[in-house]
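To start, the structure under review is shown below, and the notes come after it.
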Amino acid sequence: MLPKSTLQIESKLPWVGTTIFTVMSALAREHQAINLSQGFPNFDCPEKLKALVSDYMQKGFNQYAPMAGALPLREQLAQKAQSLYGQAIDPIHEITITAGATQALFTAITAFVQKEDEVILIEPAYDSYRPSIELAGGIPVVYELSAPDYTIDWEQFAQLISPRTRMIIINTPHNPTGRIFTEQDMLQLQRLTENSNILILSDEVYEHLTFDQQPHQSILRYPDLFERSLATYSFGKTFHSTGWKMGYCIAPQNLMAEFRKVHQFNVFSVNTPVQYAIAEFLKDPSVYLSLPAFYQEKRDYFAPMLEASRFEPLACEGTYFLTADYSAISDESDKAFAKRLTKEYKLAVIPNSAFYSSGKDEKVVRFCFAKTTHVLEQAGEILATV
């Protein structure tokens, strides 16, 4: 047996343990439960896209891509931004391809947040934001949303802004609540940040998953906001290929220059054949333009199952997540309830308190409905018995 190490290590993230997503997915495997916890589809990406990746591999596109990304892909993304949001984007200087959206978020935060800068988070929030801020030496300042509507009171929000505020992070469509920013939300954000040095980091990975014909309010739609913003996106969410870890960032040239200073020493460049394959695949916009109807059909299939149970589903305007109040079923904490649901009923979900720094528990859990009809049917049968 090796001697016990006497090495002393001071953790930079002492409060961070194993993420709830890893915990719940492991518990689902252990108990052979249906996994509606972690946010990924259980169906494959398009066959044509896979064939294109293979084709570019066979053609020899297997060495480093340019640091900023393959130019054909950046050109396609610039056309997409112009077509969808009316924003002219320079593909050479204002788009960088990243190893997933999470890398883009981390790079944006570490490029601009300095020691003791304040960053406003809107929680519940994706769990990578806070540790990225703290690794950069910044101070998270939290605005808490509340069930059931999860709306922002912008007058209260304004009280969090101080001379030390460096960045505000927004996420629309919003994980985990499924709510979306409205035009009024964006205009309020514009009002609060005009004539300031505050940056906005806009997490838009679910941009194509908005329902009931509601448009996605991208930061790119608002020129006065875009001049101070970095927007991040995910090909994995769009093309059902989360395991590829492919994303990108769009920002004005002066901000993108700083972003790339970190990006080049973080990953430098990302998967070459996949970039060229996606560039060709994007030439047919019908693929991503069909996503709202595709996922709305799944939402509308799954939501009635919740309504017929003792769960109370909350509004879902976008993403592939539905949240539900279980207070009519149990007074357990949401973490205890989620674990019991997995062990006893064989259905894994995510407790919403995991998305709050404070652990705020409103007796709400999150379901991922990016699953096949068969899996959703099985989940519905279980829900009826809870």
Side-chain angles (χ1 to χ4, degrees), residues 38-85 87 89-107 203-209 216 218 220 230-251 256 259-260 263-264 266-295 319-320 370-372:
Q38 200 167 354
F40 61 87
N42 74 326
F43 40 84
D44 207 358
C45 56
E47 291 296 326
K48 180 180 178 181
L49 181 55
K50 291 192 291 184
L52 285 170
V53 173
S54 178
D55 187 41
Y56 278 102
M57 285 181 176
Q58 294 304 319
K59 287 178 179 177
F61 287 74
N62 298 306
Q63 306 310 321
Y64 292 125
M67 180 268 286
L71 186 57
L73 177 54
R74 288 184 280 151
E75 289 173 337
Q76 285 295 319
L77 293 172
Q79 291 178 24
K80 177 172 172 282
Q82 176 72 63
S83 174
L84 292 180
Y85 309 125
Q87 179 66 50
I89 299 295
D90 177 357
I92 294 176
H93 298 109
E94 297 185 328
I95 302 176
T96 299
I97 311 302
T98 61
T102 300
Q103 186 245 312
L105 292 164
F106 181 85
T107 301
D203 180 349
E204 303 185 19
V205 299
Y206 299 101
E207 63 170 330
H208 299 303
L209 278 65
H216 167 53
S218 173
L220 304 186
L230 301 101
T232 62
Y233 302 89
S234 167
F235 294 116
K237 298 294 191 295
T238 301
F239 297 134
H240 323 313
S241 56
T242 59
W244 290 5
K245 295 300 294 178
M246 295 291 292
Y248 61 102
C249 180
I250 297 180
M256 186 56 73
F259 179 95
R260 288 178 180 176
H263 172 78
Q264 68 183 341
N266 187 351
V267 297
F268 182 74
S269 66
V270 302
N271 195 302
T272 300
V274 172
Q275 288 194 58
Y276 284 94
I278 292 174
E280 186 168 338
F281 195 65
L282 282 171
K283 292 178 181 178
D284 179 7
S286 66
V287 177
Y288 55 82
L289 292 178
S290 67
L291 286 177
F294 175 79
Y295 277 111
T319 76
Y320 44 53
K371 309 298 176 184
T372 58

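Values reported hereafter were calculated over all heavy atoms of this structure, with side chains retained and with hydrogens, waters and symmetry mates removed.
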> Can you check side-chain hydrogen bond (donor to acceptor under 3.5 Å, both in side chains) on His93 and Asp90, steps first, answer last?
Replying inline: CA-CA 6 Å; His93 298 109; Asp90 177 357; 2.7 Å; yes
> Could you go step by step and tell me if Val205 and Tyr233 meet the side-chain contact (heavy atoms from CB on, under 4.5 Å) rule?
Replying inline: CA-CA 4 Å; Val205 299; Tyr233 302 89; 5.6 Å; no
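Taking the side chain as every heavy atom from C-beta outward, Lys50 and Cys45 approach each other to under 4.5 Å. In this structure the side chain of Asn271 never reaches within 4.5 angstrom of the side chain of Lys245, judged on heavy atoms. At least one side-chain heavy atom of His208 sits less than 4.5 Å from a side-chain heavy atom of Leu84. Using a 4.5 Å heavy-atom cutoff, the side chains of Thr98 and Val267 are not in contact. Looking only at side-chain heavy atoms (C-beta outward), Phe268 and Asn266 stay at 4.5 Å or farther from each other. Side-chain contact between Leu282 and Leu73: present, with at least one pair of heavy atoms (C-beta onward) separated by less than 4.5 Å.
Contact detail for Gln38 and Lys371: the closest heavy-atom pair is O-NZ, 4.1 Å. Considering all non-hydrogen atoms of both residues, Ala65 and Thr272 come closest at N-OG1, 3.1 Å. Taking all atoms of both residues into account, the shortest heavy-atom contact from Ala104 to Thr232 is CB-CG2, 3.7 Å. Ile97 approaches His263 most closely through the heavy-atom pair O-CE1, 3.3 Å. What you find for Leu291 and Thr238 is that their closest heavy atoms are CD1-O, 3.2 Å. Across every non-hydrogen atom of Ala78 and Ile89, the tightest pair is CB-O, 3.6 Å.
With rounding to the nearest 0.5 Å, the separation of CZ in Phe235 from CG in Leu77 is 4.5 Å. Atoms CG and CD, on Leu220 and Gln82 in that order, are 10.5 Å from each other to the nearest 0.5 Å. Between the OG atom of Ser218 and the OH atom of Tyr85 there is a distance of 5.0 Å, given to the nearest 0.5 Å. Interatomic distance, NZ of Lys80 versus CD1 of Ile95, reported as 9.5 Å (0.5 Å rounding). Distance CD/Glu280 to CG/Asp55: 7.5 Å, rounded to 0.5 Å. For the atom pair Glu94 CD and Met256 CE, the distance stands at 7.5 Å (nearest 0.5 Å).
Judged by distance alone, with hydrogens and angles left aside, the side-chain atoms of Arg260 form no donor-acceptor pair with the main-chain N or O of Ala68 at under 3.5 Å. Side chain of Ser290 to main chain of Ser286: a donor-acceptor pair is present (N/O by atom type, distance under 3.5 Å, no hydrogens or angles). Using modelled atom types, no side-chain atom of Asp203 and backbone atom of Leu105 make a donor-acceptor pair closer than 3.5 Å. With hydrogens and angles ignored, the 3.5 Å screen pairs no side-chain donor or acceptor of Thr96 with any backbone N or O of Cys249. Between the side chain of Gln275 and the backbone N or O of Val270, at least one donor-acceptor pair lies under 3.5 Å.
A salt bridge between Lys48 and Asp284 is absent, with no side-chain N of the basic residue lying under 4.0 Å from a carboxylate O of the acidic one. Between Lys237 and Glu204 there is no salt bridge, since no side-chain N of the basic residue sits under 4.0 Å from a carboxylate O of the acidic one.
Between Gln103 and Thr107, the side chains place a donor N or O and an acceptor N or O closer than 3.5 Å (distance only, hydrogens not considered).
Applying the side chain to side chain contact (heavy atoms under 4.5 Å, CB included) test between Val53 and each of Phe61, Phe281, Trp244 identifies Trp244 as the sole match.
Taking the six-membered ring for Trp and thresholds of 30 and 60 degrees, His240 and Phe43 have ring planes more than 60 degrees apart, a perpendicular arrangement. A tilted orientation is assigned to the rings of Tyr295 and Tyr320, their planes being inclined by 30° to 60°.
Taking the ring centre of Tyr276 as origin, the terminal cationic atom of Lys59 falls outside the region bounded by 6.0 Å and 45° from the ring axis.
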